[in-house]
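First up is the structure itself, then whatever we jot down about it.
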Amino acid sequence: MRGDDGLGRCLAAVPAQVRAERGNMARHLITHTYAERERALAEGTAPLHTSWEHTAEALTDAIVGLLTAPVTHPHPSTERSGP
């Protein structure tokens, strides 16, 4: 996919497995943020952001931070934790 290739080039210093993990986290963040906004609108309570545009801008900032954060520990694909 062209988007994934471009993102991989922009984040070349981040190991591929870490990029994949963070991509999964970003998907969860997007899903839950949109669901929370929809829930607030359906209940008639004030959503966190005043518009979908502001929600998208906040998500963009958060996801950029998530994807570009320093890598504390390398994550070898063979490393497994737990019993």
Side-chain angles (χ1 to χ4, degrees):
M1 182 186 286
R2 286 178 35 190
D4 288 341
D5 292 342
L7 189 58
R9 284 192 301 276
C10 290
L11 300 173
V14 178
Q17 182 175 349
V18 174
R19 285 195 312 267
E21 291 169 351
R22 291 179 180 183
N24 189 41
M25 292 175 197
R27 281 188 296 281
H28 286 284
L29 180 62
I30 292 166
T31 301
H32 286 281
T33 300
Y34 283 175
E36 285 296 315
R37 179 169 174 76
E38 283 293 327
R39 180 200 48 78
L41 292 171
E43 292 177 352
T45 59
L48 184 60
H49 300 285
T50 57
S51 69
W52 279 108
E53 183 177 355
H54 290 145
T55 302
E57 289 169 352
L59 274 169
T60 299
D61 290 345
I63 292 168
V64 167
L66 174 65
L67 294 175
T68 61
V71 177
T72 306
H73 301 286
H75 296 278
S77 60
T78 58
E79 180 179 280
R80 299 278 184 232
S81 61

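Worth saying up front: this structure is predicted, and the values here are computed from it rather than measured.
Applying the salt bridge (charged side-chain N to carboxylate O under 4.0 Å, His left out) criterion to E53, with sequence neighbours excluded, gives no partner residue. Listed by chain and number, the residues in a side-chain contact (heavy atoms from CB on, under 4.5 Å) with T60 are V64 (sequence neighbours excluded). In this structure, T31 has no side chain to side chain donor-acceptor pair (under 3.5 Å) partners at least two apart in sequence or on a different chain.
Here M25 sits in one hydrophobic cluster together with L66; the rule is ILVMFWY side chains under 4.5 Å apart, joined directly or through other members. Other members of the cluster containing L48 do not exist, because no ILVMFWY side chain is joined to it at under 4.5 Å.
Screening residues 11-52 for ring-ring contact (aromatic ring centres under 6.0 Å, His included) gives Y34-W52 as the qualifying pairs, with residues at least two apart or on separate chains.
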Donor-acceptor pairs under 3.5 Å, side chain of residues 38-45 to any protein atom, not counting sequence neighbours: which ones?
residue : atom : partner : partner atom : Å
R39     : NE   : E36     : OE1          : 3.2
R39     : NH1  : E43     : OE1          : 2.8
R39     : NH2  : E36     : OE1          : 2.9
T45     : OG1  : A40     : O            : 3.3

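Here the closest heavy-atom approach between residue H54 and residue T50 is recorded as ND1-OG1, 2.7 Å.
Formation of a donor-acceptor pair under 3.5 Å by the R22 side chain with backbone atoms of V14 is not found in this model.
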